[in-house]
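Only one structure is covered here, and it is reproduced in the block below.
Remember, it's a predicted structure, so these values are computed and weren't measured experimentally. Each chain gets a letter, A, B and so on, in the order the sequences are listed, and its residues count up from 1.
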2 protein chains.
Amino acid sequence: MPKSYSCPVELTVDVVGGRWRTVLLAHLKEGVHRYGELRRLTPGISEKMLSQRLRELEADGLISRKDLGTVPPHVEYDLTDEGRSLTPVLQALYDWGVARAERTGVSIDVP
Amino acid sequence: MPKSYSCPVELTVDVVGGRWRTVLLAHLKEGVHRYGELRRLTPGISEKMLSQRLRELEADGLISRKDLGTVPPHVEYDLTDEGRSLTPVLQALYDWGVARAERTGVSIDVP
DNA sequence: CTGAATCCCAATCGATACTG
DNA sequence: CAGTATCGATTGGGATTCAG
């Protein structure tokens with residue numbers, strides 16, 4: 001049965017919600033990244049979660065996966081047009097995070 | 001030990017992330033609401049989750065809870081100034097949900 | 001290097017029943 | 001009306017191991 005939503009926000013949360021999806025999208029918003037780069041940019045994520053989330057985002061049409069087929073392996077992830085349509089959302093989340101960090105005195109240590 | 005973040009988006013997700021928080025904030029963005037109203041506006045949420053999320057949002061300083069102390073009980077929830085600072089985020093999530101629903105043909109049935 | 005597969009624990013959640 | 005209590009089911013997620 002098809003899922004239905006009672007509010008547009010609910011739909012959005014269903015797509016970009018969860019612990020890691022948004023963070024990964026935010027990193028890809030900065031440009032193409034390899035698997036290992038995303039892992040390094042996202043401390044705390046396990047390889048299992050990284051793989052799972054990337055495949056979900058790919059299935060939802062938000063990111064593209066390009067396997068260069070080389071040895072050693074080289075895989076690049078990028079936002080699709082659909083993913084890029086999230087830019088205002090990602091920017092709003094980013095901006096609020098910065099302001100909230102200042103207000104609450106929390107520090108953000110970029111890798 | 002204090003939690004640290006590697007990215008502002010991660011902080012934001014930590015505060016407004018999860019299945020229900022954002023939806024509840026989006027409803028309160030429209031104005032003051034009582035417990036029962038929020039329950040009705042949010043089909044699918046259990047009373048347990050509703051209570052829990054409301055208390056978390058209150059603890060995080062995003063919403064206020066006013067108990068009128070009457071019989072029968074009457075409790076009103078509202079955004080605080082801190083909660084209202086999320087308006088751009090909530091609006092971005094809302095707008096993207098509307099557009100995504102159109103693109104994917106998903107319908108949204110407001111209660 | 002980029003994953004897939006397995007095991008296992010902890011947190012999360014829904015349903016239901018109950019209270020002031 | 002506005003919650004709380006409890007229980008059982010489900011899920012998320014980490015650690016580890018292995019493969020191409």
Side-chain angles (χ1 to χ4, degrees), chain A residues 1 3-7 10 13-25 27-28 31-60 62-78 111, chain B residues 1 3-7 9-10 13-25 27-28 31-60 63-78 111:
Chain A
M1 71 176 234
K3 184 182 298 196
S4 88
Y5 300 94
S6 62
C7 163
E10 201 179 340
V13 168
D14 204 41
V15 177
V16 305
R19 177 79 181 78
W20 299 115
R21 288 146 111 106
T22 325
V23 176
L24 293 173
L25 289 169
H27 288 316
L28 289 175
V32 177
H33 282 302
R34 299 180 55 172
Y35 178 89
E37 292 175 334
L38 289 172
R39 185 181 47 195
R40 180 174 50 77
L41 287 168
T42 318
I45 196 174
S46 68
E47 296 190 339
K48 176 183 171 183
M49 286 304 108
L50 181 53
S51 292
Q52 263 182 30
R53 297 303 155 246
L54 287 172
R55 290 187 183 286
E56 289 170 2
L57 292 170
E58 191 190 0
D60 285 338
L62 300 179
I63 68 174
S64 64
R65 176 181 187 277
K66 187 198 283 185
D67 188 337
L68 303 220
T70 60
V71 176
H74 183 141
V75 181
E76 290 182 344
Y77 295 93
D78 193 7
Chain B
M1 73 175 243
K3 183 182 296 193
S4 89
Y5 300 95
S6 62
C7 163
V9 171
E10 202 180 339
V13 169
D14 203 41
V15 177
V16 305
R19 177 82 179 75
W20 299 115
R21 289 147 111 104
T22 327
V23 176
L24 293 173
L25 289 169
H27 288 316
L28 289 175
V32 177
H33 281 302
R34 300 179 55 171
Y35 179 91
E37 293 175 333
L38 289 172
R39 184 180 49 196
R40 179 175 50 78
L41 287 168
T42 319
I45 196 172
S46 66
E47 296 190 339
K48 176 181 170 182
M49 288 303 107
L50 182 52
S51 292
Q52 264 183 28
R53 297 300 155 250
L54 287 173
R55 288 182 187 288
E56 290 169 2
L57 292 170
E58 191 190 0
D60 284 338
I63 69 175
S64 64
R65 177 181 187 277
K66 187 198 282 183
D67 187 337
L68 304 218
T70 60
V71 175
H74 183 143
V75 181
E76 291 182 343
Y77 293 93
D78 193 6

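Taking 4.0 Å as the cutoff to heavy atoms of chain A, we find the contact window on DNA chain C bounded by C:dC1 to C:dC7.
A heavy atom closer than 4.0 Å to some atom of DNA chain C occurs in A:E47, A:K48, A:S51, A:R55, these being the qualifying members of residues 46-56 of chain A.
End-to-end axis angle for the helix from C:dC1-D:dG20 to C:dG20-D:dC1, using five pairs per end and rounding to 10°, comes out at 50°.
At the phosphate of D:dG3, OP1 or OP2 sits under 4.0 Å from a side-chain N or O atom of B:R65.
Looking at B:V23 and B:L41, their side chains never come closer than 4.5 Å, going by heavy atoms from C-beta outward. By the 4.5 Å heavy-atom criterion applied to side chains, B:Y77 and B:L57 are not counted as neighbours. The side-chain heavy atoms of B:E10 and A:R19, taken from C-beta on, include a pair separated by under 4.5 Å.
Minimum interatomic distance between A:E37 and A:V32 (heavy atoms only, all atoms of both residues): OE1-O, 4.2 Å. For A:P43 against A:W20, the heavy-atom pair with the smallest separation is O-CH2, 4.1 Å. In this structure, B:L38 and B:L54 approach most closely via the heavy-atom pair CD1-CD2, 3.9 Å.
Taking NE2 of A:H74 as the reference point, atom NZ of A:K66 lies at 9.0 Å (rounded to 0.5 Å). Note that the CE atom of B:M49 and the CZ atom of B:R39 stand 15.0 Å from one another [nearest 0.5 Å].
Contacts of B:R34 with the nucleic acid, taken as non-hydrogen atoms under 4.0 Å apart, involve only primed sugar atoms and P, OP1 or OP2. In this structure, B:P73 reaches the bases: a heavy-atom distance under 4.0 Å links it to at least one base atom across the strands shown. No engagement by A:G69 is indicated, since no non-hydrogen atom pair under 4.0 Å with the nucleic acid exists.
For the pair B:E37 and A:G44, nearest-nucleotide mapping onto DNA chain D gives the more 5' position to B:E37.
Rounded to whole Å, the distance from CD1 on A:I45 to P on D:dG14 is 8 Å.
Counting only distance, with no hydrogens or angles, the side chain of B:T22 and the backbone of B:V16 share a donor-acceptor pair below 3.5 Å. When atom types are taken as modelled, the side chain of A:H27 and the backbone of A:T42 share no donor-acceptor pair closer than 3.5 angstrom.
Between A:D60 and the choices A:R53, A:R55, A:R21, the salt bridge (Lys or Arg N to Asp or Glu O under 4.0 Å) rule is met once, by A:R21.
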